[in-house]
Amino acid sequence: MLTISGPAPETLHIPAPVAIEYDDGLFWSFEEANILLAAPTAVTPAELVDLLDGACFCASDDREADSWDTQHDRFLLDAQEMATRLLLGDEAALLERLRAVLAYRTQWFVPEGSRFVAVIGREAMDLRIERVSASS
């Protein structure tokens with residue numbers, strides 16, 4: 001429901017699975033956007049990221065940071081974490097962020113026919129390289 005005030009106030013009912021209230025004129029960061037969901041299953045995290053991208057991304061907000069591509073990549077990474085947290089919970093968001101960081105920073109240098117295996121804890125980290133068969 002949307003209420004428009006003025007000489008003749010109106011209330012509009014617009015069916016939508018999600019609504020995003022965002023005012024870049026107030027220099028909000030996208031984390032300050034108000035996201036209203038019709039139901040927790042109304043959209044997927046990827047669909048919510050697309051909506052946040054269209055509604056909230058503005059490279060000129062941080063011109064000094066880096067190129068448009070770099071700013072956009074960072075925005076998408078943060079939006080993916082936020083969307084996953086909102087729709088799937090904190091643990092899923094943490095795993096998604098780790099997956100994204102590893103894919104961006106490390107996946108490209110895994111040797112052909114190998115895989116890295118990591119066990120990461122607060123106090124220690126165990127890493128090893130394993131050879132994989134063609135059927136894996």
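Below, each value reflects all heavy atoms present in this structure, side chains not excepted, and no hydrogens, waters or symmetry copies.
Residues Ala33 and Ile20 share a closest heavy-atom pair of CB-CG2, 4.1 Å. Shortest non-hydrogen contact noted between Leu48 and Ala83 is CD2-CB, 3.8 Å. Scanning both residues, Gln80 and Thr84, for their nearest heavy atoms gives O-OG1, 2.8 Å. Ala38 and Ala42 make their closest contact through N-CB, 4.3 Å (heavy atoms, listed as atom of the first residue, atom of the second, distance).
Looking only at side-chain heavy atoms (C-beta outward), Leu37 and Leu86 come within less than 4.5 Å of each other.
Glu112 pairs by the side chain to side chain contact (heavy atoms under 4.5 Å, CB included) definition with nothing, not counting sequence neighbours. Legend: residues meeting side chain to side chain contact (heavy atoms under 4.5 Å, CB included) with Arg128, ordered by chain and number and at least two apart, are Val117, Asp126, Glu130. Listed by chain and number, the residues in a side-chain hydrogen bond (donor to acceptor under 3.5 Å, both in side chains) with Arg131 are Ser114 (sequence neighbours excluded). Here Glu81 pairs with Arg85, Arg97 under the salt bridge (Lys or Arg N to Asp or Glu O under 4.0 Å) rule; sequence neighbours left out. With sequence neighbours excluded, no residue satisfies side chain to side chain contact (heavy atoms under 4.5 Å, CB included) with Tyr104.
Taking hydrophobic clusters as Ile, Leu, Val, Met, Phe, Trp and Tyr residues chained together by side-chain heavy-atom distances below 4.5 Å, Leu102 does not share a cluster with Phe109. Hydrophobic cluster membership differs between Val132 and Trp108, with clusters built from Ile, Leu, Val, Met, Phe, Trp and Tyr side chains linked at under 4.5 angstrom.
No side-chain donor from either of Gln71 and Ser67 sits under 3.5 Å from a side-chain acceptor of the other.
Considering OG1 of Thr44 and CG of Asp50, their distance stands at 8.0 Å, rounded to 0.5 Å.
With Val18 as the partner, the side chain to side chain contact (heavy atoms under 4.5 Å, CB included) test is satisfied by one option alone out of Leu36, Leu51, Leu52: Leu51.
Within a 6.0 Å sphere centred on CD of Glu47, other residues, nucleotides and ligands contribute more than 12 heavy atoms.
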Begin with the C-alpha distance, continue with both residues' side-chain angles, and end with the deciding distance and a verdict on ring pair (Phe, Tyr, Trp, His ring centres under 6.0 Å) for Phe75 and Trp68.
CA-CA 10 Å; Phe75 175 89; Trp68 184 95; over 10 Å; no
Go through the steps to decide whether Met82 and Val49 satisfy the test side-chain contact (heavy atoms from CB on, under 4.5 Å), and finish with yes or no.
CA-CA 9 Å; Met82 184 172 95; Val49 168; over 6 Å; no
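Members clustered with Leu77: none, using a 4.5 Å side-chain heavy-atom cutoff among hydrophobic residues.
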